[in-house]
Amino acid sequence: MSAPAGAVVLRAEGISKAWSTPVLDRVSLDLRGGEVHVLMGSNGAGKSTLAAILGGLVPADAGQMTLGPIPHAPRSRAAAEAAGVVMVLQEMNLFPGMSLAENLFLDRLPSRFGLVDRATLHRRAVVALERVGLGELDPRMPLARLGVGKRQLVEIARALDRRCRVLILDEPTAALSARESDLLFDHIRRLVSEGVSVVYVTHRLDELPRIASRVSVLRDGRFVAEHLGGNVAPGRLIEEMSGRASPQGSAAASAPAGDVVLAVAGLERGARVRKVSLEVRSGEVVGLAGLVGAGRTELLRTIFGADPASAGSVRVGDGRAGLLRSPRQAVAAGIGMLPEDRRHDGLLLGQSMRVNALLLPGQPRARSGWIDRPAERRAAEAIRTGMEVDCTSIEQPVGQLSGGNQQKVVLGRWLAAGCRVLLCDEPTRGVDAAAKGTIHRLLREFVNRGGGVLLASGELAELRAICDRVLVMAGGRIVAEFERGWSDEAVTAAAFESAVPTSVEKAGHSS
Amino acid sequence: MNRTRLGEWGVLVFVWLGLVALFGTLADHFLSATTLTTVASRLPALAVVAAGMTLVIIAGGIDLSVGSVMALSGAVLGVAIVQWGWPLAAAIPVAILTGALAGLGTGLVTVGLGIPSFLVTLGSLEICRGLTYAVCDSRTLFIGAAIRPLAQPMPILGIPPTVPVALAVVVAAQAILSRTVFGRHLVAIGASEPAVRLAGIDTSTPRVAVFVLSGALAGLAAVFASARLGSADPNAGAGLELAAIAAVVIGGTSLSGGSGSVVGSLLGVLVIATLEAGLAQLGASEPLKRIVTGGAIIAAVAADALRRRWEGERG
Amino acid sequence: MNRTRLGEWGVLVFVWLGLVALFGTLADHFLSATTLTTVASRLPALAVVAAGMTLVIIAGGIDLSVGSVMALSGAVLGVAIVQWGWPLAAAIPVAILTGALAGLGTGLVTVGLGIPSFLVTLGSLEICRGLTYAVCDSRTLFIGAAIRPLAQPMPILGIPPTVPVALAVVVAAQAILSRTVFGRHLVAIGASEPAVRLAGIDTSTPRVAVFVLSGALAGLAAVFASARLGSADPNAGAGLELAAIAAVVIGGTSLSGGSGSVVGSLLGVLVIATLEAGLAQLGASEPLKRIVTGGAIIAAVAADALRRRWEGERG
Amino acid sequence: QGGCSRPAGPGNTSGGKADGRPRIALVMKSLANEFFATMADGAKAHQATAGNRYELITNGMRSETDVSEQVTLIEQMVARGVAAIVIAPADSKAIVPALKRAADAGVLVINIDNRLDPEVLAEAGLKAPFVGPDNREGARRAGEAVAKQLDAGDEVAIIEGIVTAFNGQQRALGLEDAATAAGLRIVARQSGQWEMEKANGIAAAMLSEHPALAAILCANDSMALGAAAAIEASGRRVLLSGFDNVPAVAPLLADGRLAVTVDQHGDRLAVEGIETALAILAGAAAPEDRTTPVDLVTGKP
Ligand SMILES: Nc1ncnc2c1ncn2[C@@H]1O[C@H](COP(=O)(O)OP(=O)(O)OP(=O)(O)O)[C@@H](O)[C@H]1O
Ligand SMILES: Nc1ncnc2c1ncn2[C@@H]1O[C@H](COP(=O)(O)OP(=O)(O)OP(=O)(O)O)[C@@H](O)[C@H]1O
Ligand SMILES: [Mg+2]
Ligand SMILES: [Mg+2]
């Protein structure tokens, strides 16, 4: 993209913010007209906090902001939006039970005498949805019918519909597939050409060359570097973000594959998982690629027994082939899972790292059900060191940890349990580059010790970095398999060619 | 969504028809116009309270104080008519206002201090009952002729005028819920209050307003109950909160907020009233009544759970 | 966490001391050994029920049936002693078992069908009350000398033997909660049931077990209550659920599950019992009693909410 | 008088006397019930007019059926150091042990309103003089008054109070006695739990189920008020009886919608109990049990 040309639109100077500890320390940032200003930094660097201050969600403790010539001190998100600063949050704030249209316009439902004008609402909703390529959806259908990716698009559509001078996007592509990301980038480019300025937070290095006009790097709440244009050497960025040299070499130092540790045969679950057969060998990381809604999450959950299968069988190692009826059976058989939504399904956010790391059927215990506290503390400390979890103590609630550290806690739990097979669903979504590297390395070490991993990811770069083989899913089936050395084009083509529209969304139309 | 709604209501209508058939067989005169009148005249008070409760629950709260608020409003109504000699037309608004004020207090404390409404209304339940005893000196007030016309069956329909009023309230509450900005915000608040706040919407006002509404409807219920009984009873409404919650939940509203319907609650009320009337006509013994009522609550909720599961599996 | 616990308990102890000082000034014999004894003898039944309720609420449920279950267990105890002539040592386990079975039923329905326990126990509340009336033919059963020793003050301490038993139960329940794998799982289930299930832990067994425990403790409470009355009263425990919930929440347990303590609930019980004792000694009028009790619930919860906010601000 | 503690236990003769006046506790059932509210008012008026001869503490329960709460009240009164407890028991058996403990602590116990079970009293070794009405007899006379206006074979229904309450049972028995004696047919009998609202629903159901119903006999006036509304809504002419003579039924008596109710003079009941206590405290011997009069109050025929 072209270098920033416009005048400064939004200027922030000396912004500081402390929660329980200082999070932002005298950070300054300026945003020029028609630029895409990318913010990068490790988990917890303060990117979202800075964005939230700009967007009026939280007040700064110190510092000033100006929007054009006038001071910018929004007291609320609504005030910021009125001034033309619109923000898409990192955590999705949508209402699954309500219709798409209502989700898009909840704070400004068209109404007459307090009565919602549905016709206008739906007309506007169709327009807003078309903007993000969801024009074919019925705005009356409940949001609950959409998968995570499409929900993210709805959230973005909500922001795009507002007249804005500044658009703040906090990790918008974390849940998007390549195709959807492309669509979003097209939009951003269009908005920029219309003079809108964008603040863009991401962890994905591969996106920089495609949209960044400028890249600012935050580390521990301080501004550390700024780069013009998007062509920055990844190694340098990682160094700036982490404050140390980036680990050399890919994590995929592949060992020869051994015996089959996981064999899935003819697994079915309604229309979402159809006759899936696959094998994972010891020493192997097998990837699952596919478009949003292809059924990867469902497949992993069905293998794990979290959702009931209607037919098929699963075998772990030399064990008996059969269906796993519950996660309990799966864990007993030697499988562990990193769920897609780790905050809800993987962790107890209010509980300590110690409790979460040892949340397993076989907790360290002395006799007849009584917890052996010293043994427990030792085990938790061992996981903390082994997994390089960054926390103040093992008593810190995991809700306060960064995404990457949260994921390390879940991973550490399964490794401590001694499982043979790990099912990983988007294990590094929203995780910074350094923590991502650590997680990949830990997974690699796990397979090198004889384990097997089945890993679903929407990020082709991740699949390339760590997988020995990649299976492509579409419409609940496995439609292609690639050995190392595959190209993005080939995988994407396979995912598209066989992509069948899901029956779920069709039903939404007909109602 | 509409299909689901029909499914939900279908189960209830089915349960209700089952009850009617059962009692029709067991009791000699169950299938009669008198029974209809009896059941119809018992509906209004519970129906409007359940309507208010539905909105409160959908918005993520609960109101345990409805029974006491109803008693308090009834006491005020009785004192206004009997002791101060006010005309009905003046006393009724005051009774409703009393309920609304009680609701306002609850709402302000709940929202202002950020305490679960379960606890605040557990407290206001006691406070309002105490105030009721204080207002009417713990005595039943006989209102009599001044208010009875409201509860006398109308010439042709055979139902008292309170019934259409209550139905209108239910329809209005349903419309508020599904057609107004206020109603949609309530649903959203029940689903996730922080998310609504983040969307730049004021959540305090609707959250307080829904308690005011629930209180006002409890006040209206007091008018209905006083009309039917011809008296204001300081002990009125004991256990009303549980009956209303049961009706709401039988009607398919989720106790955790964010979804539900007022019409469903009306069906829930109908089921409960029919069950009561049937058991009374059979002359069932007290133990049997209790066991059947309890079993019915569990059965209704279980049926709904099974229906959901079944629908979920079909896709 | 421990600092927070102390803070929580500190507020309660402070509230309690305030009450004692207040009543000590207003009523001339309040600060006496006899008052202590009477408060102490009132505690056991409510304390063990509140202990069970604490575990249920921490695990994300609620048990509205405790009062009826207590009455049912009491009726069985009475019938066993009076009509079948069983010795106390045989009748007590049967009473506790009755409670446990009622809890088992509740637990199985709740977990098996996936229905909120609020509704299931709303139903079993009615069912158990009906069964109670059926078991004892709606009559109070006088047990008499067989059971009274349990309620007689012990020689030196001046408190009945039920008090140390109840304290032991509270300590045991707290130990279960914070020291056993079962307790750990209960807290985890209350925080996020799906997360626990996906960690490969069986959640059904603990979820059912906690209702069995709550039922068994209601059965034990029935033994305490029967000892105090020398009789089995079919109406025992009406409203007990609300008193227990109030105690639990005053004690700092979150109604949404996932955190809390049994010791806190005991302090909650103490506050409630002291309030009751003080108001009774003053001979407060019924309206005043209600208003003060309600106000106290709200005040206690508000104080806790403000403390949290304040601690949150200090970080 | 400060908050300093004074021992109040067995053998403490000064206990119960503040300023030399005896302190008397009146423990009733629920003050939510009008009958007891009247009783409390009567006692307070007596205390005020009796020239402050004694100090009075009145207490009632939250709910009429919560026996254990009444036991708590008894214990608190002992702790407060009263000289006598005048009690209207919520249960004729279950509170005897608590009263026995009170008596052992030196407190005089007078039983009013609802008679304690003689067997249980004997078993516990407690003596408590009784002053109160005969509920069964009162109800029988009310039933009789209604039966006089009916013919043998006519259908009647009974709405009982809480089935576990002793006075409820007595009243139901009395009504039954009268109906049987007059050859009436009792076609329905249910509990209205003492409540107006419940009784209204039950009466309505009885009226639809029994088209020939000639009378409804209620065990208290609250339920009679509920039944009266149901009768009026049905447009039928059905005789009705109540019990307690609360002020609210006056208009119903005046126009004959309520045929009869029973006055047990609740206000005087407590006063007589207190007088008995004062007499015994002053040294008189414990009197014999005494049944107080009940009066029929009949409506316009
Ligand atoms: N509401 C809050 N209360 C307390 N601490 C908070 C709050 N919000 C954020 N923090 C803390 O502030 C720090 C910065 O968080 P922030 O979300 O800004 O980081 P980020 O750079 O966006 O990270 P990520 O890449 O994981 O999104 C973190 O340590 C976080 O735990
Ligand atoms: N609980 C549900 N109810 C309705 N539809 C669902 C549900 N869960 C998933 N779906 C739909 O089923 C399809 C398969 O979803 P799944 O989450 O398995 O896909 P995925 O390949 O993992 O994609 P994603 O990247 O969104 O996780 C999607 O269209 C999704 O919207
Ligand atoms: Mg962030
Ligand atoms: Mg997925």
Side-chain angles (χ1 to χ4, degrees), chain B residues 23 27-39 41-42 45 71 78 82 126 129-130 132-133 136-145 148 151-153 160 225-240 273 276-287 289, chain D residues 30-38 40-41 60 62-64 157 159-160 162-164 187-211 221-222 225-230 232-236 244 246-252 254-255 257:
Chain B
F23 290 126
D28 296 341
H29 298 273
F30 189 78
L31 299 175
S32 67
T34 348
T35 305
L36 180 74
T37 313
T38 312
V39 172
S41 69
R42 286 182 71 72
V82 177
E126 291 288 321
R129 186 65 70 184
T132 308
Y133 291 150
C136 65
D137 197 19
S138 303
R139 299 200 196 289
T140 304
L141 289 161
F142 184 75
I143 305 177
R148 289 289 299 161
Q152 286 303 339
S226 305
R228 184 158 53 82
L229 301 171
S231 320
D233 173 10
N235 289 311
L240 181 69
E276 254 184 19
L279 288 172
Q281 290 210 12
L282 284 180
S285 71
E286 190 63 23
K289 272 188 196 166
Chain D
S30 176
L31 286 178
N33 181 331
E34 236 182 296
F35 178 72
F36 294 102
T38 308
D41 287 352
R62 283 174 49 81
S63 131
E64 216 159 298
I159 301 186
E160 302 175 59
I162 288 178
V163 288
T164 51
V187 292
R189 175 176 183 161
Q190 286 182 61
S191 165
Q193 308 283 107
W194 294 136
E195 287 173 31
M196 189 190 294
E197 167 73 33
K198 289 244 164 59
N200 177 268
I202 287 167
M206 286 171 163
L207 289 165
S208 1
E209 191 61 15
H210 304 286
D221 280 349
S222 243
L225 280 165
E232 203 176 326
S234 76
R236 304 232 304 262
D244 283 345
V246 301
V249 297
L252 296 185
D255 61 17
R257 276 177 287 173

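Hydrogens, waters and symmetry mates play no part in the numbers below; they use all other heavy atoms, side chains included. Treat the numbers as computed from the prediction; the structure is a model and nothing was measured. Below, chains carry the letters A, B, ... as their sequence lines are ordered, and counting in each starts from 1.
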Enquirer: Write down the atom of D:E209, the atom of B:D28, and the distance for their closest heavy-atom approach.
Expert: OE2-N, 2.8 Å
Enquirer: For D:M196, is it the side chain, the backbone, both, or neither that has a heavy atom closer than 4.5 Å to a heavy atom of chain B?
Expert: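 The answer is both parts of D:M196.
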Enquirer: Relative to chain B, which of D:A199, D:S234, D:S222, D:P211 shows the most heavy atom pairs under 4.5 Å?
Expert: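 When all of D:A199, D:S234, D:S222, D:P211 are compared, D:P211 has the most.
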Enquirer: Excluding sequence neighbours, so at least two apart, what forms salt bridge (charged side-chain N to carboxylate O under 4.0 Å, His left out) with D:E195?
Expert: D:K198
Enquirer: Under 4.5 Å heavy-atom distance to chain B, tell me which part of D:R257 shows up: side chain, backbone, both or neither.
Expert: side chain
Enquirer: Identify which part of B:S138 has an atom lying under 4.5 Å from any heavy atom of chain D, answering side chain, backbone, both or neither.
Expert: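 Backbone plus side chain of B:S138, per the 4.5 Å heavy-atom cut-off to chain D.
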Enquirer: Identify which of B:P160, B:G283, B:A225, B:S32 forms the greatest number of heavy-atom pairs closer than 4.5 Å to chain D.
Expert: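 Winner by heavy-atom pair count: B:G283.
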Enquirer: Do you know which of B:T37, B:L229, B:T38, B:V82 has the most heavy-atom pairs with chain D at a distance under 4.5 angstrom?
Expert: B:L229
Enquirer: Quick one: what part of D:T38 sits under 4.5 Å from any heavy atom of chain B, side chain, backbone, both or neither?
Expert: both
Enquirer: Restricting to non-hydrogen atoms, name the atom on D:A205 and the atom on B:A277 that form the minimum distance, rounded to 0.1 Å.
Expert: CB-O, 4.0 Å
Enquirer: Distance-only, no hydrogens or angles: does the D:E34 side chain make a donor-acceptor pair with backbone N or O of B:T140 under 3.5 Å?
Expert: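 A pair under 3.5 Å: yes.
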Enquirer: Among D:V246, D:L252, D:L207, which residue has the highest count of heavy-atom pairs closer than 4.5 Å to chain B?
Expert: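 So the answer, after comparing D:V246, D:L252, D:L207, is D:L252.
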Enquirer: Report which part of D:A188 has an atom under 4.5 Å of a heavy atom belonging to chain B: side chain, backbone, both, or neither.
Expert: neither
Enquirer: Kindly give the heavy-atom pair with the smallest separation between B:T34 and D:S208, and that separation in Å.
Expert: CB-CB, 3.7 Å
Enquirer: Is the closest side-chain heavy-atom distance between B:R228 and D:N200 below 4.5 Å?
Expert: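 When only atoms from C-beta onward are counted, D:N200 and B:R228 do touch, with a gap below 4.5 Å.
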Enquirer: Taking the side chain as C-beta and beyond, is there a heavy-atom pair between D:Q190 and B:K289 under 4.5 Å?
Expert: yes
Enquirer: Between D:G201 and B:R42, which heavy-atom pair has the shortest distance, and what is it?
Expert: CA-NH1, 3.2 Å
Enquirer: First locate atom CG of B:N235, then atom CD of D:E197, and finally report the distance between them rounded to the nearest 0.5 Å.
Expert: 12.0 Å
Enquirer: For the candidates B:A27, B:G230, B:A284, B:P234, which exhibits the highest count of non-hydrogen atom pairs separated by less than 4.5 Å from chain D?
Expert: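 Most pairs with chain D among the choices: B:A27.
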Enquirer: Among D:G235, D:G226, D:P251, which residue forms the greatest number of heavy-atom pairs with chain B at distances under 4.5 Å?
Expert: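 Of the options given, most contacts go to D:P251.
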Enquirer: With respect to chain D, which residue among B:E276, B:R129, B:E126 yields the maximal number of heavy-atom pairs within a distance under 4.5 Å?
Expert: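 Result: the option with the highest number of such pairs is B:E126.
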Enquirer: Could you tell me which portion of D:E232 (side chain, backbone, both or neither) has an atom closer than 4.5 angstrom to a non-hydrogen atom of chain B?
Expert: both
Enquirer: Does any backbone or side-chain atom of B:A45 lie under 4.5 Å from a heavy atom of chain D? Answer side chain, backbone, both or neither.
Expert: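 It is neither, since no heavy atom gets under 4.5 Å.
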Enquirer: Between CG of B:D233 and CG of D:L225, what distance do you get to the nearest 0.5 Å?
Expert: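 Reported to 0.5 Å precision, the distance equals 8.5 Å.
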Enquirer: Given a strict heavy-atom distance threshold of 4.5 Å, which part of D:D221 is in contact with chain B: side chain, backbone, both, or neither?
Expert: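 Neither the backbone nor the side chain of D:D221 comes within 4.5 Å of chain B.
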